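Single-structure report; data block below.
Heavy-atom basis, side chains included; hydrogens, waters and symmetry copies ignored. Lettering follows sequence order; numbering is per chain, from 1. Please read all numbers here as calculations on a predicted model, not as lab measurements.
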Protein chains: 2
Amino acid sequence: MEDASLVGTRERILKAAELLFASRGYAGTRLHEIAHGVGVQKASLFHHFASKEDLYRAVLDEGHHHSRVTLEKALDGADTPLEKIRALTEAYVDMVVAHPERTKILLRESFGDVPPGASRHETQQILGMVVDFVEDQRRQTGNAEVDVRALLVGVIGMVAFFFTSAPVLVPAWFADPLDADNVARVKRLATKVVEDGLAASLKIPATTTPTKVAAR
Amino acid sequence: MEDASLVGTRERILKAAELLFASRGYAGTRLHEIAHGVGVQKASLFHHFASKEDLYRAVLDEGHHHSRVTLEKALDGADTPLEKIRALTEAYVDMVVAHPERTKILLRESFGDVPPGASRHETQQILGMVVDFVEDQRRQTGNAEVDVRALLVGVIGMVAFFFTSAPVLVPAWFADPLDADNVARVKRLATKVVEDGLAASLKIPATTTPTKVAAR
DNA sequence: GTCTATATAGGGATAGAC
DNA sequence: GTCTATCCCTATATAGAC
């Protein structure tokens, strides 16, 4: 972590923009709010970014890049297929927890909440990467009965929604949704869903003893 | 289903507004688009609703009301606790499938995408109703190890994301996401997650034979 | 109850001094 | 590279005829 005063204005704008785009959406965010968040005048933003749309795309690109790197690293860092899948799942949860705003923006992307010009290309590539890997494994075992895509989409929805939306919807339910307990809880749930879902396909032993969610 | 020409203009406005608010969000939706969807002039909207915000709230209220009625009906229509929980899960999936736009709007609500005045009161009440029921059952078995709230939030995220966001994100993956096959698939996955998650608490036998997702 | 015309405000973007 | 001042457009909302 570097001293905030040492990072360039461009970076501080990106950060403030990410925060606001996440909570208000593209159309709902006002440039003067972003400027205010940075502590600068609205007009100054245009020195760093050509337009609001350009700024949004920069935020989006950063998110895509980070996601891709994180997931690739998880995939490369583990050895066996089972370990890779576990690493992938945990890395995703960790990523969401570490960057809930970014996650929210990517979720918004999946709502069609994007400026006119933007495409879903990047996200599609990243999801494709994950699915390709899992399907590769699946093909080797010859099992065709699991829909990897549906499972992936379901788990993403589960994890992302839990950490980004639940706090807004029912703030009283999870005092601090990002605390270690909750993270562990969701990680366990996600891992279980993934592994049970893929058990038959990947010859993973089903983890399901009737769910005992151990206290921390 | 009534003839479209027989429903009042107010209802047709609500419907067009729901569609647009769902896909573009509150801030991203223009009143003239809604008017165009109805086939009427922009100014005419103000005869039926005092303001854009008022219209949005009406759409939201309708969604809340329908959700509450649907879930209450599912709860009342089943006998044993296990059947009630299954009915609840299936009813939720069916509701999402039948009204993806409404679902998207409620998801947006959980993003904080609401006009200044709105509150999350209604949604909180509905979620509370479900949780209260499940926790009631849980208390009778004395098991304290499952976090019903986390499970509920997770499943909602999984189901809602699958049907509303996945089609936008990766349209190529699910030719028709709302078709019977996909619905069955998700229903099975959701039911499994719920029942495995609650198995220990409700003395439900764990369903987990290593997941075999039967072809239709 | 719907229309045309218009008022008004606010937001994105630019000009140009410093 | 940041500021102040301003342009210009669009979106909500209103007025008032039909």
Side-chain angles (χ1 to χ4, degrees), chain A residues 2-61 105 108 111-118, chain B residues 2-61 105 108 111-118:
Chain A
E2 29 222 323
D3 183 354
S5 61
L6 287 182
V7 308
T9 308
R10 192 191 150 91
E11 279 67 38
R12 296 177 47 221
I13 294 175
L14 278 170
K15 191 151 192 167
E18 182 179 85
L19 209 70
L20 284 158
F21 283 141
S23 73
R24 303 201 204 285
Y26 176 74
T29 299
R30 304 287 113 104
L31 288 183
H32 78 83
E33 293 178 305
I34 297 176
H36 180 81
V38 182
V40 85
Q41 283 303 313
K42 187 177 55 164
S44 304
L45 302 181
F46 290 91
H47 178 75
H48 301 273
F49 300 91
S51 65
K52 183 186 184 183
E53 193 177 325
D54 188 53
L55 170 55
Y56 189 75
R57 221 186 310 266
V59 171
L60 221 48
D61 282 350
I105 290 183
R108 283 186 182 279
F111 273 62
D113 194 353
V114 281
Chain B
E2 29 221 327
D3 183 353
S5 62
L6 287 183
V7 308
T9 309
R10 192 191 150 91
E11 279 66 40
R12 298 180 44 222
I13 294 175
L14 278 171
K15 191 150 191 168
E18 182 178 86
L19 209 71
L20 283 158
F21 283 141
S23 73
R24 303 200 204 288
Y26 176 74
T29 299
R30 305 286 112 104
L31 287 182
H32 77 84
E33 293 177 304
I34 297 176
H36 179 81
V38 183
V40 85
Q41 282 303 309
K42 187 178 49 166
S44 304
L45 303 181
F46 289 91
H47 178 77
H48 302 272
F49 299 91
S51 65
K52 183 184 183 183
E53 193 177 324
D54 188 53
L55 170 56
Y56 189 74
R57 222 188 310 268
V59 171
L60 221 47
D61 282 350
I105 289 182
R108 283 186 182 280
F111 273 59
D113 194 353
V114 281

Whole-Å distance between [N] [atom2] and [X] [atom1]?
X	N	atom1	atom2	value
A:Leu45	D:dC3	CG	C1'	13 Å
B:His48	D:dA13	NE2	C1'	16 Å
A:Phe46	D:dA5	CZ	P	18 Å
A:Tyr26	C:dG11	OH	C1'	11 Å
A:Arg24	C:dG10	CZ	C1'	15 Å
B:Ile13	C:dT2	CD1	C1'	11 Å
B:Lys52	D:dA11	NZ	C1'	8 Å
A:His47	C:dC18	NE2	C1'	14 Å

Going by the rule side-chain contact (heavy atoms from CB on, under 4.5 Å), which residues pair with [X] if we only count those two or more places apart in sequence or in a different chain?
X	answer
B:His32	B:Arg30, B:Lys42
A:Ala16	A:Ile34, A:Val38
A:Asp61	A:His64

Partners meeting salt bridge (Lys or Arg N to Asp or Glu O under 4.0 Å) with A:Glu33 (sequence neighbours left out)
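Partners of A:Glu33 by the salt bridge (Lys or Arg N to Asp or Glu O under 4.0 Å) criterion, ordered by chain and then number, come out as A:Arg24.
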
For A:Tyr56, all residues meeting ring pair (Phe, Tyr, Trp, His ring centres under 6.0 Å), sequence neighbours excluded
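A:Tyr56: ring pair (Phe, Tyr, Trp, His ring centres under 6.0 Å) contacts with A:Phe21, A:Tyr26.
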
With a 4.0 Å cut-off, would you call B:Glu53 and B:Arg57 a salt bridge?
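Here B:Glu53 pairs with B:Arg57 in a salt bridge, since their nearest N and O are under 4.0 Å apart.
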
Near-strand residues of residues 28-44 of chain B, defined as heavy-atom separation under 4.0 angstrom from DNA chain D:
B:Thr29, B:Arg30, B:Leu31, B:Lys42, B:Ala43

As a test of reading the structure: which of C:dG12, D:dT2, C:dT2 is closest to the side chain of A:Thr9, going by heavy atoms?
D:dT2

